[in-house]
**Student:** 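Attaching a single structure in structure tokens format; questions to follow.
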Amino acid sequence: MTAQARIKASFPVRRMDFGFTDVPRYWFANDPFLTHFLSSLSSLFPEGEFFFVTSMRNVRELIEDPVMQKEISAFIGQEAMHSKEHKAFNDYATEHGIDVDFFHRRVGKLLKFGHKILSHKQQLAVTCALEHFTATIAAQLMKREDWNGQMNDPVMRKMWLWHAVEESEHKSVCYDTYQKLYKDYPTRAIAMVIAWSILAVVLADQQVRLMAKDGQLFNGKSWAKGMWSLFGYKGFISELALPLLDYFRPGFHPEDHYSDDLEQKYKALLKFEG
Ligand SMILES: [Fe+2]
Ligand SMILES: [Fe+2]
């Protein structure tokens, strides 16, 4: 075995194969709004993660460090597995009348357009911005047991927690690659503003469409509960404002947001060996 082959990434690629056939219609808190919010996020992952992987493949040949190369390979492996499992769930949801396939196709077109018009540096900057978003959400999902405990289906809870652990494990890979190659603060900050703005509009639009399609558009109780749960006092998203905004600090690094304890806790709970 060569010295290079002996080098290992700091995190593994876990092969998963969830079966969704028993997932109930409202698998989060038995509630339409919150279930649709998470299904809406899920609809963005397969194409979004393909964009992340492509933006890393675009530049990986410029990285000479063999350790970073291993990290990049493991990052690609994890994201590919996330795409596969979320696509399987999205297909299941679409078959059962929660039509997320339309969102999947629409965001795919948007991201393909991004590949066409953005430079490799800009694509990687968008990826870093969205990876900070996913890592921040992941840490929050692990931290907020009151939230992840509301997933009333064991398969969905396992899938989201597995994804959260791995987003946390690989949260620095894209950022370290970007810093190694470019170290361009204005581009990464602008990419953040644009990526988050588009994401906020897309998620709001998808939420309204899913609620309407499900005949829940005027379910005031579910809207009120969901909006409070996300944006109210100690809301799931409200609490993310500061860690998300920290990305604009010039000296920011993903590891400044410590999440090793949470990773260890959920790896043990999910019975992951590595
Ligand atoms: Fe992912
Ligand atoms: Fe990721």
Side-chain angles (χ1 to χ4, degrees), residues 9-18 37-60 68-91 100 103-104 107-108 111 114 123-142 148 151 155-179 188 191-192 195-196 198-199 202-203 240 243-244 247 252-257 259-260 262-263 266-267 270 272 274:
S10 59
F11 52 88
V13 178
R14 304 177 182 91
R15 312 271 156 213
M16 307 302 273
D17 192 14
F18 295 103
F37 176 72
L38 285 166
S39 299
S40 166
L41 266 183
S42 176
S43 77
L44 303 177
F45 285 131
E47 290 289 350
E49 287 167 327
F50 179 69
F51 181 92
F52 302 166
V53 165
T54 307
S55 71
M56 288 292 275
R57 281 198 176 123
N58 287 339
V59 299
R60 73 176 298 177
M68 277 186 85
Q69 280 291 347
K70 290 283 176 185
E71 297 284 290
I72 292 170
S73 296
F75 163 81
I76 290 173
Q78 285 195 339
E79 294 293 28
M81 193 56 61
H82 302 166
S83 289
K84 176 176 100 61
E85 292 306 311
H86 279 277
K87 176 78 171 61
F89 168 72
N90 297 345
D91 290 346
V100 292
F103 305 147
H104 170 83
V107 80
L111 292 173
Q123 289 177 45
L124 189 56
V126 168
T127 294
C128 290
L130 293 172
E131 277 288 283
H132 180 52
F133 177 78
T134 53
T136 306
I137 288 229
Q140 175 76 328
L141 191 64
M142 291 190 285
N148 72 53
M151 294 184 182
V155 172
M156 294 307 286
R157 185 160 185 263
K158 186 170 182 188
M159 180 177 78
W160 279 92
L161 289 173
W162 156 68
H163 196 164
V165 165
E166 295 197 347
E167 286 305 318
S168 200
E169 283 176 331
H170 71 227
K171 66 185 174 188
S172 299
V173 179
C174 298
Y175 190 84
D176 286 342
T177 304
Y178 180 85
Q179 290 296 83
R188 98 167 157 84
M192 185 58 140
W196 285 6
I198 292 174
L199 185 64
V202 166
L203 286 175
L240 302 185
L244 286 176
Y247 191 79
F252 164 85
H253 189 276
E255 288 298 333
D256 297 340
H257 296 238
S259 56
D260 292 8
L262 288 168
E263 282 170 37
Y266 282 96
K267 277 197 281 189
L270 297 168
F272 292 155

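Atoms within each ligand, like the ligands themselves, are counted from 1 in listed order. Predicted model, so just to flag it, every value in this text is computed and none were measured.
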**Student:** Partners of Met192 by side chain to side chain contact (heavy atoms under 4.5 Å, CB included), sequence neighbours excluded?
**Tutor:**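 For Met192, the residues satisfying side chain to side chain contact (heavy atoms under 4.5 Å, CB included) (neighbours in sequence not counted) are Ala129, His132, Trp196, Tyr247, Phe248.
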**Student:** side-chain contact (heavy atoms from CB on, under 4.5 Å) between Trp160 and Asn148: does it pass, once the steps are laid out?
**Tutor:** CA-CA 8 Å; Trp160 279 92; Asn148 72 53; over 6 Å; no
**Student:** For Glu166, give me all partners under salt bridge (charged side-chain N to carboxylate O under 4.0 Å, His left out), at least two apart in sequence or on another chain.
**Tutor:**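 Partners of Glu166 under the salt bridge (charged side-chain N to carboxylate O under 4.0 Å, His left out) test: Arg14.
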**Student:** If you consider just the N/O/S atoms, which atom of His170 is the closest one to the Fe ion (ligand 2)?
**Tutor:**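 So the atom name we want here is NE2.
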**Student:** Give me the atom names and distance for the closest heavy-atom approach of Gly114 to Phe51.
**Tutor:**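 The answer is C-CE1, 4.5 Å.
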**Student:** Are the side chain of Glu79 and the backbone N or O of Glu49 linked by a donor-acceptor pair below 3.5 Å?
**Tutor:**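 Not confirmed, Glu79 side chain does not pair with Glu49 backbone.
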**Student:** Inside 2.8 Å of the Fe ion (ligand 1) but strictly below it, how many protein N/O/S atoms are present?
**Tutor:**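 Considering protein N, O and S only, the Fe ion (ligand 1) has 5 within range.
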**Student:** Please give the atom name: the N, O or S atom of Glu131 nearest to the Fe ion (ligand 2).
**Tutor:**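 The atom in question is OE2.
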**Student:** Under the side chain to side chain contact (heavy atoms under 4.5 Å, CB included) test, which residues partner Ala138, sequence neighbours left out?
**Tutor:**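 Only Ala164, Glu167 meet the side chain to side chain contact (heavy atoms under 4.5 Å, CB included) criterion with Ala138.
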**Student:** Any side-chain to backbone donor/acceptor pair from Lys171 onto Thr136? Under 3.5 Å, distance only.
**Tutor:**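 Absent.
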